[in-house]
Structure formats: structure tokens, C-alpha cells
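Both ligands and their constituent atoms are indexed starting at 1 by order of listing.
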Amino acid sequence: MSRVTELIDKLNEQKHLDKAEWVEVLENFTDEDREYAAGIARSISLGIYGNKIFIRGIVEFSNVCKNDCLYCGIRRSNTNVSRYRLTDDEIADCCDEGYELGFRTFVLQSGEDKSYSTERLCGIVRRIKAAHPDCAVTLSIGELEYEDYKALREAGADRYLLRHETADKAHYEKLHPAEMSWQHRMDCLKALKDLGYQTGAGIMVGSPYQTVGCIAEDMIFFESFKPEMIGIGPFLPHKDTPFRDEPKGSYELTLFLLSLCRILLPDVLLPATTALGTIAPLGREEGVKAGANVIMPNLSPTAVRKKYMLYDNKICTGDESAQCRGCLEARMKSIGYEVAVTRGDHI
Ligand code: 5AD
Ligand code: FES
């Protein structure tokens, strides 16, 4: 038995490793260790969620963003982006179409676009919840203040995705302009949890300046914060950002981290992300085999999909929602899993 498999067993038994142990695992793992972790992770998710995969339909309703994150293709400095905003009716139509396709969770995602006031967003949430009372609404619209999160929660929003990006403050500051604050991001996550949102945190694997120490801190953060959802995908460069020449993140490390997250937090909702499907043709299937149990295809109108490019070569930008739905069904079937027509709440 290798030292890394010993530590994976320890993680599985105690749901805890200290920082030095995380670093040891992350620095020394082999393909066999990764498969070992995937085997444990997969049996945990099969035990809790069975062979059912939850799907969430993402509506990317605006690519306007006031922020300038160095990694992101829709950062405000990128003048090559053709900006768009969907109307309330267009957003509602995407959800209606999604409902017909069997989606019972809608994820409203956008840049930080202040033209959607909190009041307006509350109206959109209420409208979707009224039209589809059996559905969950997830928001992924960035950093707001406590009162905004509270109003949106009261309007009916169930879940919120806000990746912390990195638990290491100095690393965060290398990925974001000076006006953005790691502490504010962390405060937002805490507020979301306090307000009773099922809360998602997460990171990009292989973002510039990331060290194994950063990832160790991320795992320690996940252990204490206990997010209901964790979004992990590889960093992929975008040609119109300062990180255009940076190498992409490691596919294998991303898969390994999915497994480690599943082992650490057994019932966490863990998507096989679009970035994972972009870095490798069978990335999402391999993600599920490594312990993921959620897939989040796009429900945005085809006309705007190519405009929501956070990184180069994003998949599914030319496909209709119905095509993606069929495609995912077939992909999951090919590995022995089924798409579930349910909200897919955290237990
Ligand atoms: N590569 C991979 N993921 C990215 N994101 C943003 N830009 C990129 C990129 N270039 C991720 C961030 C963000 C989420 C919505 O998408 O982690 O939180
Ligand atoms: Fe979009 Fe396969 S999931 S085409």
C-alpha cells in the first residue's frame, strides 16, 4: 500500500487530513492512487445517490460584467465580447423550455451586471417559482450585499453558486484586480449559508500561481465550510485575457480532486463541469466515474451561447437545449447512469 493510498483511507475514515497530509497527497499521487480514490468516491456516490445524475439547466442571462477577473473571458476590459442581456420574458421562456425537457432546477447565471436590480431579480425568481412550483432556482450572479441575498432568498431562490476561487488570500489577489476582495467573497459565502441557501463554493484547478499549498487550503476550507455544492473545473485560458498564454489546468488532477471532495463530504452535490467536458471529450463521463453526480447543461438561447465564453473552445455553444438534453442522456447511459427528473436537493 502506498503512502498516498494510506492517506486516502485515512480521509475516508476520519473525513479530515491536515495541511501537510493534503500536500503529500497532492504532490505524490500516481494514476493508481487516482483510480483508488475514484473507486471509493464512486461507491460513496452510488450509495447515497444511486446511479442517478441530477441535471441543472443554466440560463446565462447576461454577459455584462463590472468585474475584471484576470482569467475570465467576459471581464469588463475585454472589448471583443459582444454584450447581451436577456429580458425577463426570454429568461422565463428558457425555463419553460427546460421544464418540458425534464429540468427541475434552473440556474440563473450572469456577469455582475448592475442593470438587473435586486428588485427585478426578485421578480424573475418569483415568476419562475410561480410557473414551476416543483422546481428549484439557483442563482450564480456573483457578489452582492447581505440584504440583496436576503431579498432573493425571500423571493424563493433555493441555492447559490459562488466559487471562492481560492482559499489563499495572496493567490486570490493574483487572480483579481485590486478592487476585488477575498474577504468580501468569503463574507458573501457565509451570508449565503446563514440565509439558508444551499451554497456552492469551488475553484479552478491549475489557475495561474496556484500551488499544492493553495489546493490544500481549499480542501481545508471545504471541510470547515461544508458547502452543499462544490464546483471544480480545470482553468482554461481565454485568448482575450492577460492569462492567454498560461497553461491549462490538469485534467487528471481535476478528476482526482473530484474524488477527494466526494470522500471528504460524502453527500456533496458535485458537478462534472462544462470545463471538464471541454478539456477532454469524455471529461464529464470520467467526472461522474470519479464521484460527480450533477451535470449542468446550457438552456440559454442558441443566439447568445457563443457570447458567454469564459474560456476558449467551450462546448455546446452550437447546440439546442434539446440536443444537449438528449446527448447527456446518451452519455450517462453509456456509463451505466440515468438522468433524474427531480430537483436534486442536497440531503
Ligand atoms: N477557465 C475555467 N474556469 C473559469 N471560470 C471563469 N473563467 C474561467 C476560465 N478561464 C470559472 C470561475 C467562475 C465560474 C463561473 O467559471 O471559477 O467562478
Ligand atoms: Fe451539449 Fe452534448 S451536452 S451537445
Query - Of Arg159, Arg104, Arg343, the residue whose pairing with Arg56 passes side chain to side chain contact (heavy atoms under 4.5 Å, CB included) - result: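 That would be Arg159.
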
Requested in this report: Please step through ring pair (Phe, Tyr, Trp, His ring centres under 6.0 Å) for the pair His176 and Tyr71, ending with a clear verdict.
Outcome: CA-CA 8 Å; His176 300 94; Tyr71 46 83; 5.3 Å; yes

Requested in this report: Using side-chain hydrogen bond (donor to acceptor under 3.5 Å, both in side chains) as the criterion, point out the one residue from Arg42, Lys52, Arg262 that pairs with Asn293.
Outcome: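 Exactly one option meets the side-chain hydrogen bond (donor to acceptor under 3.5 Å, both in side chains) with Asn293, and it is Arg262.
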
Query raised in the report: Listing by chain and number, which residues have a heavy atom under 4.0 Å from ligand 1?
Result: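 If the criterion is a heavy atom under 4.0 Å, then ligand 1 touches Tyr71, Cys72, Arg163, Glu165, Met204, Pro234, Phe235, Leu236, Leu310, Tyr311.
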
Electrostatic pair [X]:[Y] at N-O distance under 4.0 angstrom:
X      : Y      : value
Glu338 : Lys333 : no
Lys66  : Asp113 : no
Lys10  : Glu21  : yes
Asp31  : Arg34  : yes

Query raised in the report: Who's touching ligand 2 if we go heavy atoms under 4.0 Å?
Result: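 Answer by chain and number: Arg284, Cys316, Asp319, Cys324, Cys327, Leu328, Arg331.
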
Report task. Could you tell me if the ring centre of His164 sits under 6.0 Å from that of Phe221? Result ->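 Yes, the ring centres sit under 6.0 Å apart.
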
Requested in this report: Check the angle between the aromatic planes of His132 and Tyr99 and answer parallel, tilted or perpendicular using the 30° and 60° thresholds.
Outcome: parallel

